[in-house]
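The first residue of the sequence shown is numbered 1, and numbering continues consecutively from there.
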Amino acid sequence: MPNTERRRRDTPPPRTGSGEAEVLRGFLGYLRASVAAKVEGAPEPEVRTGAVPSGTNLLGLLNHLTFVEGSTFLGDDVTDWQATFHAAPEDSVADVVARYRETVERANDVLDGCTDLGAPVPRSRPNRPAPSVRWALTHMIEETGRHAGHADILRELIDGTTGR
């Protein structure tokens, strides 16, 4: 049974500006920080051990989100989405967290240049239609929020750590 004494201070959702882009980016940033913090410092080997019948594991969730960010905002091509749910054996927790944060930073650089939410996301992949910036932001909020919820449960099962 995990130690239920380990708790983090809960961080409330952000207060953002009133513009649609500010709200969307504010909530996405909040979720990104929450999910990275949930994985950071998690112990080996539990961080990569499936705690549910599907095999979902904490490190794999963040690895997957790194690929989703790269695909959505940077145009990276992913050929095997299922494989993204598992970090490489040689990847440490710090490696996966750093790679996620670097990908988020690169995605933010792209988003900084997007002034029209209805315009397509700039992509380097030819012959593939790009979604609108609005759609991409909304999708990433949904995707990151969903997996942040999974991460909450998995981290609590690992060592009792709760909170955002």
Side-chain angles (χ1 to χ4, degrees), residues 8 10-42 47-48 54-155 163-164:
R8 292 186 181 183
D10 209 22
T11 304
R15 295 285 182 206
T16 63
S18 59
E20 183 181 4
E22 292 171 309
V23 171
L24 292 172
R25 290 195 63 187
F27 272 86
L28 180 55
Y30 166 73
L31 290 168
R32 287 166 162 171
S34 295
V35 75
K38 189 59 67 171
V39 176
E40 196 167 47
V47 71
R48 63 180 76 238
S54 68
T56 300
N57 64 83
L58 191 57
L59 197 60
L61 286 175
L62 194 62
N63 193 65
H64 171 71
L65 284 171
T66 303
F67 280 91
V68 179
E69 289 272 353
S71 175
T72 302
F73 297 119
L74 306 173
D76 296 347
D77 195 22
V78 179
T79 57
D80 184 357
W81 282 105
Q82 274 309 113
T84 68
F85 281 97
H86 299 281
E90 63 274 9
D91 284 342
S92 69
V93 172
D95 292 336
V96 175
V97 171
R99 192 166 37 249
Y100 176 72
R101 288 188 171 137
E102 176 194 324
T103 302
V104 164
E105 186 176 318
R106 290 176 44 225
N108 281 336
D109 289 344
V110 169
L111 288 168
D112 288 344
C114 296
T115 57
D116 178 2
L117 292 176
V121 173
R123 302 192 151 210
S124 59
R125 291 188 296 176
N127 304 320
R128 299 204 57 188
S132 71
V133 174
R134 179 181 289 106
W135 185 92
L137 285 167
T138 304
H139 170 62
M140 283 310 306
I141 290 167
E142 174 273 328
E143 183 83 7
T144 307
R146 178 175 187 238
H147 292 312
H150 297 143
D152 284 339
I153 293 166
L154 292 172
R155 183 64 189 258
R164 290 177 284 233

Where is the tightest heavy-atom contact between [X] and [Y], given as atom of each residue plus distance?
X	Y	value
T103	L74	CG2-CD1, 4.0 Å
K38	L58	O-CD2, 3.8 Å
R155	G41	NH2-O, 3.7 Å
V35	A151	CG2-CB, 4.3 Å
V121	A136	CG2-CB, 3.6 Å
V110	F73	CG1-O, 3.7 Å

Min side-chain heavy-atom separation [X]-[Y] under 4.5 Å:
X	Y	value
V68	T84	no
H86	N63	no
V47	N57	no

Indicate every side-chain donor-acceptor pair of residues 94-102 with a distance under 3.5 Å to a residue at least two apart or in another chain.
residue: D95; atom: OD1; partner: S92; partner atom: OG; Å: 3.4
residue: D95; atom: OD2; partner: S92; partner atom: N; Å: 3.0
residue: D95; atom: OD2; partner: S92; partner atom: OG; Å: 3.2
residue: R99; atom: NH2; partner: D91; partner atom: OD2; Å: 2.6
residue: R101; atom: NH1; partner: E40; partner atom: OE2; Å: 3.0

Residues in ring pair (Phe, Tyr, Trp, His ring centres under 6.0 Å) contact with F85, at least two apart in sequence or another chain: H64, H147
Stepwise side chain to side chain contact (heavy atoms under 4.5 Å, CB included) test for R32 and M140: CA-CA 9 Å; R32 287 166 162 171; M140 283 310 306; 5.7 Å; no
From [X] [atom1] over to [Y] [atom2], what is the distance, rounded to the nearest 0.5 angstrom?
X	Y	atom1	atom2	value
T72	H139	OG1	NE2	4.5 Å
T144	F27	OG1	CZ	13.5 Å
E143	L28	CD	CG	11.0 Å
R25	N108	CZ	CG	5.0 Å

Residues L65, V104; criterion side chain to side chain contact (heavy atoms under 4.5 Å, CB included); working and verdict: CA-CA 10 Å; L65 284 171; V104 164; over 6 Å; no
Residues R134, E20: salt bridge by 4.0 Å N-O rule: yes
T138/L24 under side chain to side chain contact (heavy atoms under 4.5 Å, CB included): CA gap, chis, key distance, verdict: CA-CA 7 Å; T138 304; L24 292 172; 4.1 Å; yes
